[in-house]
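Reading through the structure tokens given below for one structure.
The figures that follow rest on heavy atoms only: side chains count, while hydrogens, waters and symmetry mates do not. Naming convention: chains lettered A, B, ... in sequence-line order (proteins, then strands); numbering from 1 in each chain.
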Amino acid sequence: MAVTYQSTRDHPMPRPSQWSKFFRNNASIILIYAIILLVIGTAAISNENFRTPSNLLNILRQSIIIGLIAIGQSIVVLTGGMDMSVAQVARIVGLTVATIFAAQDSNPAMILPLILLGLVMGTLLGAFNGLLITRTHANPFIITFGIASILRGVNLAISTTPIRGIPASYLHIYDFKIGIIPANVLVMALMWVIAYLFTTRTRTGRALFAVGGSERVAQLSAIRYNRTLVISYILCSISAAIAGLFLLSRTGVGDPSAAEGMDFQSIVAVALGGISLYGGKGSMVGTLGGVLLLASLSNVFNLLQVNIYYQQLLLGLIVLVTVAAYKSPRSA
Amino acid sequence: MNTAPFQPKSTAGRFSSFRPSPRFVRGVDLAGQWAAPIMIVVVLAIAAIFAPAFYLPTNLKTLAIQIAVLGIVAVGQTLVLLVRSIDLSVSAVLALGAVIVVQTQAGNSLWISFIQAFAIAAFIGLANGLLITKRQVPPFVATFGMLVFIQGARLAYTKGQASGTVPAILRAISFEQVGPIPAALIVWLIVNIIAIFFLRKTQFGRWIYAVGGNPSAARYAGIRVDAVIIAAHTICSMLAMLGGLLLSGYIGYVDLRLGADYNLNSIAAAIVGGTTFTGGRGNLLGTAAGAALLILLLNLVVVLGLPIHWQYAMQGFVLVVAVALQGFRQFLLSR
């Protein structure tokens with residue numbers, strides 16, 4: 001009987017249960033959270049400084065800047081693009097706001113207008129990126145790489161030394177706490193919820209996946225291709241601008257080397273979280289996992305007093321292993 | 001089944017009402033090909049009027065060596081761009097070369113450290129190529145990850161303080177002069193002549209254009225697409241290593257920032273010179289002109305007495321304009 005069975009079909013196919021389907025569809029997300037649990041669990045057992053509540057909150061706080069940037073980066077990567085200018089956008093927003101604060105003698109009344117100015121700057125820079133990419137049909141990676149270089153020059157022209165004169169009440173934004181939970185962690189959590197709902201529930205959010213999957217199909221489905229792309233770059237730059245404003249509040253000075261390396265780290269977080277770098281596939285939940293993994297790894301490295309030079313080596317190794325481990329969905 | 005690193009997306013449906021006139025298409029095409037040489041003349045004229053210091057012999061020698069180093073790296077970058085890939089790890093390889101030669105000079109004989117340097121470069125290129133072809137990692141990400149990895153390895157090895165003197169032989173092949181010409185320029189010419197010969201006259205050269213032009217057609221024609229892409233990456237890394245050796249010979253010492261801008265600049269040089277991102281189109285004479293143009297512009301910033309950080313803005317501006325122009329050109333030609 002077994003022989004006749006095997007002659008028709010090599011493997012008996014069990015009916016997939018709800019659970020196995022769920023696991024198969026979310027394999028990368030489950031994997032990343034399992035790795036996070038593993039890292040945190042090992043560290044908590046072996047190092048008593050790690051398992052203090054203040055340190056665990058620290059991990060969340062350390063992940064805020066990269067987390068905010070990674071929200072925007074995920075949106076752009078979902079469309080099949082990449083934004084290498086996020087770090088410089090965050091930096092130029094921080095420097096501009098700091099310069100105006102300094103020129104206004106740290107007037108606390110300027111806080112709200114300047115936050116708005118930062119958001120407007122983010123919007124305009126994102127629109128510029130998006131329009132340049134859609135109108136010239138050029139490669140997004142290299143266009144934003146070039147824009148980043150231009151912004152780097154402009155940033156150094158604004159200031160080559162840290163700018164002082166941020167009003168004290170602006171610094172409280174970062175330190176503000178509700179109970180024991182820092183407000184900035186709440187803001188980040190709120191942003192993630194909004195981003196998750198945006199990508200799963202709204203028309204434009206779903207269009208991101210279609211655009212990243214196939215331009216042709218997206219257009220045949222009456223999705224406005226160019227508009228969706230421009231919106232994704234605008235959202236990306238806005239989230240970078242918010243990160244820049246938070247960073248200014250954290251450091252307390254307009255730092256001309258702020259957010260260094262964040263552009264690549266955000267892409268690493270996105271890739272770790274399982275969003276396909278070819279676009280069209282993945283979830284914001286995965287990216288959040290990638291961000292938390294990066295933050296907890298860096299926290300563990302610091303507690304174990306790993307040399308800063310080896311940290312970069314390990315980061316590079318993690319990136320190479322991650323990208324080599326997943327295969328492009330198109331070939332599968 | 002292995003698809004090409006990045007597929008050009010179909011542009012048929014976009015702007016369906018947009019019908020460019022043939023003259024416009026030809027204009028953009030010619031502009032894409034001839035932008036670099038024309039701009040070189042313009043820059044030289046501007047320099048003659050506003051900054052006579054530009055034409056001092058010492059400045060010209062600096063220019064020649066910088067053009068040679070960037071030109072050699074850009075030859076490799078062009079090969080990689082021709083097969084629809086990209087290499088962002090060149091700057092790390094460049095810096096690594098200097099470190100290897102300087103640090104091993106103490107014990108080993110010079111030739112062994114040269115062989116080590118090029119072997120490591122070939123290995124890095126091989127790894128890039130394998131990641132891109134066998135694991136289908138997008139080229140940007142694979143090579144950028146490699147960049148972070150190599151930089152980390154270099155920092156871990158040198159503990160953040162690279163030091164040492166550059167061997168005399170490196171000084172001889174880059175900074176010393178043969179008659180009135182710096183030796184580096186001659187190395188650049190030799191590399192260019194060999195590379196142009198290979199691209200134009202050999203089967204390998206035809207394969208590169210075939211793979212870049214249409215990977216699936218190339219595969220059906222019996223070309224081993226993966227092997228060609230891997231070879232292009234290996235050659236690119238080895239040329240970057242050569243560039244790094246020349247650069248350290250010219251600068252005379254090794255520091256950690258060495259060569260950091262060469263990623264952006266080598267890509268910009270190739271693309272200004274008429275190489276397109278979508279592969280299969282471009283040549284090395286254009287790249288040579290692009291490298292010269294970029295160095296002239298960067299030097300102009302210095303000679304005009306502007307703050308040095310405007311060089312970043314200049315690099316970025318050239319890259320954005322060139323990429324936008326080539327992207328638009330490719331879009332028009334594909335219609």
Under 3.5 Å, which donor-acceptor pairs link side chains of residues 265-272 of chain B to any protein atom two or more places apart or in another chain?
unit_1 : atom_1 : unit_2 : atom_2 : d
B:S266 : OG     : B:Q77  : NE2    : 3.0
B:S266 : OG     : B:Y262 : O      : 2.8
B:S266 : OG     : B:N263 : O      : 3.1

- A:T160 portion near chain B, given a 4.5 angstrom heavy-atom threshold: side chain
- Query: Between A:T136 (side chain) and B:F328 (backbone), is there a donor-acceptor pair under 3.5 Å?
  - Reply: no
- Task: Test side chain to side chain contact (heavy atoms under 4.5 Å, CB included) on A:F141 and B:L88 and set out the steps.
- Result: CA-CA 11 Å; A:F141 182 92; B:L88 294 171; 3.3 Å; yes
- Message: Using 0.5 Å steps for rounding, measure from the OH atom of B:Y312 to the CG atom of A:N155.
- Response: 11.5 Å
- Heavy-atom distances under 4.5 Å only: say whether A:F145 touches chain B with side chain, backbone, both or neither. both
- Message: I need the B:F144 CZ to A:L320 CG distance, nearest 0.5 Å.
- Response: 12.5 Å
- From B:F140 atom CZ to A:N139 atom CG, the distance as rounded to the nearest 0.5 Å: 4.0 Å
- In terms of heavy-atom pairs under 4.5 Å with chain A, the winner among B:L264, B:L131, B:V321, B:V318 is B:L264
- Message: Please classify the contact between A:L132 and chain B as side chain, backbone, both or neither, with a heavy-atom cut-off of under 4.5 Å.
- Response: side chain
- Go through B:H309, B:Q311, B:Q326 and name the one with the most non-hydrogen pairs under 4.5 angstrom from chain A. B:H309
- Query: Who wins among B:T276, B:V141, B:V148 for the most heavy-atom pairs under 4.5 Å with chain A?
  - Reply: B:V148
- Quick one: CD on A:Q311 to CG on B:L155, what's the gap to the nearest 0.5 Å? 11.5 Å
- Task: Using non-hydrogen atoms and a 4.5 Å limit, figure out which bit of B:M314 sits close to chain A: side chain, backbone, both or neither.
- Result: neither
- Can you name the nearest heavy-atom pair linking A:A157 to B:W310, along with the distance? CB-CZ2, 3.5 Å
- Write down the atom of A:I142, the atom of B:F277, and the distance for their closest heavy-atom approach. CG1-CZ, 2.9 Å
